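Residues: numbered from 1 along the sequence shown. No experiment lies behind these values; they were computed from the predicted model shown.
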Amino acid sequence: MKPYLKMIRRFDIILVVLLTLLSFLPLAIFSYVKANEPKTTENQGLTAVITVDGKEYKKVALTGHTGTESFTITQDDGDSNTIEVKDEQIRISKATCGDQVCVRTGAITKRGETIVCLPHKLVIEVKATDGGSNNNDDDDMIISS
């Protein structure tokens, strides 16, 4: 063991300690950003915005929603997603896509959370009713190709 200890230099120890400390930098950055993001206030509600192929399909108010509501989105090619709104959460309960990632995502309730079904080009995003979310909304800047 002593021959190996002689191979370690002071710079090696400094480098290992420095890299270990730098590995915690993303945690510090994300914690700082999360602590400084605006909180949902009492007068600010949450809405789930459902878009299909980049076009807004439906908005569902989540704040104050009680009971269970279910509806199916069927596209022209026969693809379908069944969306369930239960109390103040929304999820995709059934989908005809092969991978079922959107179904396994489960229910979402917080601002900025999303469910994406890539094969059907369906996105469900929870936004604040005043238009705010965790990212900057560029709804005014929709570019068509």
Side-chain angles (χ1 to χ4, degrees), residues 1-66 68-71 73 75 77 79-145:
M1 187 73 175
K2 286 188 178 185
Y4 294 114
L5 291 176
K6 289 182 181 179
M7 292 174 49
I8 299 174
R9 309 268 175 184
R10 181 180 301 174
F11 183 73
D12 295 335
I13 294 171
I14 292 171
L15 186 64
V16 168
V17 169
L18 182 67
L19 289 175
T20 303
L21 291 174
L22 283 176
S23 70
F24 289 100
L25 185 63
L27 176 67
I29 291 171
F30 289 127
S31 297
Y32 176 77
V33 169
K34 185 71 175 170
N36 290 332
E37 79 178 11
K39 305 291 185 222
T40 304
T41 60
E42 293 298 324
N43 60 358
Q44 184 182 48
L46 296 177
T47 303
V49 179
I50 302 166
T51 57
V52 179
D53 201 16
K55 297 178 178 88
E56 186 176 304
Y57 177 80
K58 184 175 185 177
K59 287 185 179 183
V60 179
L62 295 179
T63 303
H65 187 278
T66 57
T68 302
E69 175 187 348
S70 182
F71 56 93
I73 299 174
Q75 297 177 1
D77 56 359
D79 294 334
S80 66
N81 294 76
T82 302
I83 298 173
E84 180 181 280
V85 183
K86 184 176 183 181
D87 297 330
E88 294 187 350
Q89 56 188 7
I90 187 167
R91 72 182 184 111
I92 297 178
S93 58
K94 293 180 191 173
T96 58
C97 55
D99 56 8
Q100 299 288 303
V101 172
C102 55
V103 176
R104 289 187 305 222
T105 300
I108 57 175
T109 59
K110 296 177 184 164
R111 183 178 56 172
E113 289 183 323
T114 59
I115 300 174
V116 178
C117 184
L118 281 178
H120 300 163
K121 299 177 184 175
L122 181 128
V123 178
I124 302 173
E125 182 179 8
V126 177
K127 295 184 177 185
T129 54
D130 65 353
S133 70
N134 283 348
N135 56 0
N136 293 332
D137 290 334
D138 293 331
D139 292 338
D140 298 333
M141 298 180 58
I142 297 175
I143 300 172
S144 301
S145 56

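Ile92 CD1 to Ile50 CD1: the interatomic distance, rounded to the nearest 0.5 Å, is 8.5 Å. In this structure, OG1 on Thr68 lies 5.5 Å from NZ on Lys86, to the nearest 0.5 angstrom. Here the OH-CG distance, from Tyr32 to Leu27, works out to 15.0 Å after rounding to the nearest 0.5 Å. We find the CD-CZ distance between Glu125 and Arg111 to be 11.0 Å, quoted to the nearest 0.5 Å.
Scanning both residues, Leu46 and Thr129, for their nearest heavy atoms gives N-CG2, 4.1 Å. Listed here is the closest heavy atom pair of Ser93 and Val103: O-CG1, 3.7 Å. The heavy-atom pair separating Cys102 from Asn81 by the smallest distance is SG-ND2, 4.1 Å. Taking each heavy atom of Ile108 and Val126 in turn, the nearest pair found is CD1-CG2, 3.6 Å. The minimum heavy-atom distance between Gly64 and Glu88, with the atom names listed, is N-OE2, 2.8 Å. For Ile90 against Ala48, the heavy-atom pair with the smallest separation is CD1-CB, 3.8 Å.
Judged as a side-chain contact (heavy atoms from CB on, under 4.5 Å), and not counting sequence neighbours, the contacts of Asp77 are Gln75, Asp79. Contacts of Asp87 classified as side-chain contact (heavy atoms from CB on, under 4.5 Å), with partners at least two apart in sequence or in another chain: none. Applying the side-chain contact (heavy atoms from CB on, under 4.5 Å) test to Ser70 and every residue at least two apart in sequence or in another chain returns Thr82. By the salt bridge (charged side-chain N to carboxylate O under 4.0 Å, His left out) test, Glu84 is found to be paired with Arg91, residues two or more places apart in sequence or in another chain being considered. Residues passing the salt bridge (charged side-chain N to carboxylate O under 4.0 Å, His left out) test with Lys110, sequence neighbours excluded: none.
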Mind listing the side-chain donor-acceptor pairs of residues 8-21 below 3.5 Å, one per line with the distance, residues two or more places apart or on another chain?
unit_1: Asp12; atom_1: OD2; unit_2: Arg9; atom_2: N; d: 3.2
unit_1: Thr20; atom_1: OG1; unit_2: Val16; atom_2: O; d: 2.7

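The existence of a salt bridge linking Glu69 and Lys58 is confirmed by a sub-4.0 Å separation between a basic side-chain nitrogen and an acidic carboxylate oxygen.
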